[in-house]
Amino acid sequence: QVQVVESGGGLVQAGGSLRLSCTASGLTFDDYAMSWFRQPPGKEREGVSCISWSGDSTFYADSVKGRFTISRDNAKNTLYLQMNSLKPEDTAMYYCAARYNFCTTAWRQDESLWAYWGQGTQVTVSS
């Protein structure tokens with residue numbers, strides 16, 4: 001049984017930083033590309049960042065480029081999202097997702113490509 005669990009969310013002031021973590025069990029972690037999605041209040045879920053199974057390739061939404069960094073530790077079956085220079089518009093529920101192998105060009109647009117999802121962790125950025 002695959003389990004994906006996010007942690008690290010919380011309340012932070014604008015300009016601050018947070019580091020999200022996601023652990024996955026029940027799968028061979030280093031066979032899977034991993035991603036972060038987020039859903040702001042009253043809006044649709046959107047892709048934030050994706051990392052290949054090896055960690056060699058990373059992709060970001062334009063809105064977070066230069067501020068967020070995705071990384072993974074395959075020895076610990078853990079995915080990370082370092083979020084710096086946070087803005088109120090980053091407020092959202094953040095989700096971790098996994099798919100076999102690589103990110104694909106449609107990783108942001110097609111959520112059906114992602115086989116496993118976590119329950120989310122809330123990030124709130126105050127102004």
Under 6.0 Å from the CD atom of Q13, do we count more than 12 heavy atoms belonging to anything else shown? no
Test item: R45 and Y95 side chains (from C-beta on) under 4.5 Å apart, heavy atoms: yes
State yes or no: do L81 and W53 share one hydrophobic cluster built from I, L, V, M, F, W and Y residues joined by side-chain heavy-atom distances below 4.5 Å, directly or via other members? no
State plainly whether the residues K65 and D62 are in salt-bridge range, i.e. N to O under 4.0 Å. yes
Does some side-chain heavy atom of L79 sit less than 4.5 Å from a side-chain heavy atom of E6? no
Can you name the nearest heavy-atom pair linking M34 to A98, along with the distance? SD-CB, 3.4 Å
Steps toward side chain to side chain contact (heavy atoms under 4.5 Å, CB included) verdict (Q122, T124): CA-CA 6 Å; Q122 178 67 39; T124 303; 3.5 Å; yes
L86 reachable from L20 in the ILVMFWY side-chain graph, under 4.5 Å edges: yes
Distance from Q3 atom CD to N77 atom CG, nearest 0.5 Å? 12.5 Å
Keeping S63 on the side-chain end and A61 on the backbone end, is there a donor-acceptor pair under 3.5 Å? no
Would N101 and R99 count as having a side-chain donor-acceptor pair, cut-off 3.5 Å? no
Do I70 and Y80 have side chains that approach each other closer than 4.5 Å (heavy atoms only, starting at C-beta)? no
Is any side-chain heavy atom of E46 closer than 4.5 Å to one of Q39? no
Mark yes or no for whether T28, through its side chain, and D30, through its backbone, hold a donor-acceptor pair below 3.5 Å. no
Is the shortest side-chain heavy-atom distance between C96 and V4 below 4.5 Å? yes
Closest heavy-atom pair, A106 versus L113, reported as atoms and distance to 0.1 Å, is O-CD1, 3.7 Å
Using the ring of each side chain (for Trp, its six-membered ring), is Y32 parallel, tilted or perpendicular to Y100, with breaks at 30° and 60°? perpendicular
Strictly distance-based, threshold 3.5 Å: is any side-chain N or O of S35 a donor or acceptor partner for the main-chain N or O of C50? no
Considering only heavy atoms from C-beta outward, does the side chain of V123 approach that of M83 to under 4.5 Å? yes
Verify the neighbour count for atom CH2 of W114: are there more than 12 heavy atoms of other residues, nucleotides or ligands below 6.0 Å? yes
Residues R67, D90: salt bridge by 4.0 Å N-O rule: yes
Could you tell me which non-hydrogen atom of S127 sits nearest to which non-hydrogen atom of P88, and how far apart they are? CB-CG, 3.9 Å
Whether over 12 other heavy atoms sit under 6.0 Å from Q82 CD: yes
If I take atom CD1 from residue I51 and atom OG from residue S57, how far apart are they, to the nearest 0.5 angstrom? 9.0 Å
Shortest non-hydrogen contact from T78 to S21? CG2-CB, 4.3 Å
Interatomic spacing from SG in C103 to CZ in R108 - rounded to 0.5 Å: 12.5 Å
Modelled atom types, side-chain donor and acceptor of S17 and N84, under 3.5 Å: yes
Quick one: do V48 and V125 end up in the same hydrophobic cluster if we chain Ile, Leu, Val, Met, Phe, Trp and Tyr together by side-chain heavy atoms under 4.5 Å apart? yes
Mind checking salt bridge (Lys or Arg N to Asp or Glu O under 4.0 Å) for R19 and listing every partner two or more places apart, or none if nothing turns up? none
Is there a side-chain contact between R38 and M93 (heavy atoms, below 4.5 Å)? no
Side chains of F29 and T23: closer than 4.5 Å at any heavy-atom pair? no
Does one hydrophobic cluster hold both V5 and L27, with members joined at side-chain heavy-atom distances below 4.5 Å? no
Report yes or no: do W36 and F59 belong to one cluster of Ile/Leu/Val/Met/Phe/Trp/Tyr joined by side chain heavy-atom distances under 4.5 Å? no
Describe, in one word, how the ring planes of W107 and F37 are oriented to each other, choosing from parallel (under 30°), tilted (30 to 60°) and perpendicular (over 60°). perpendicular
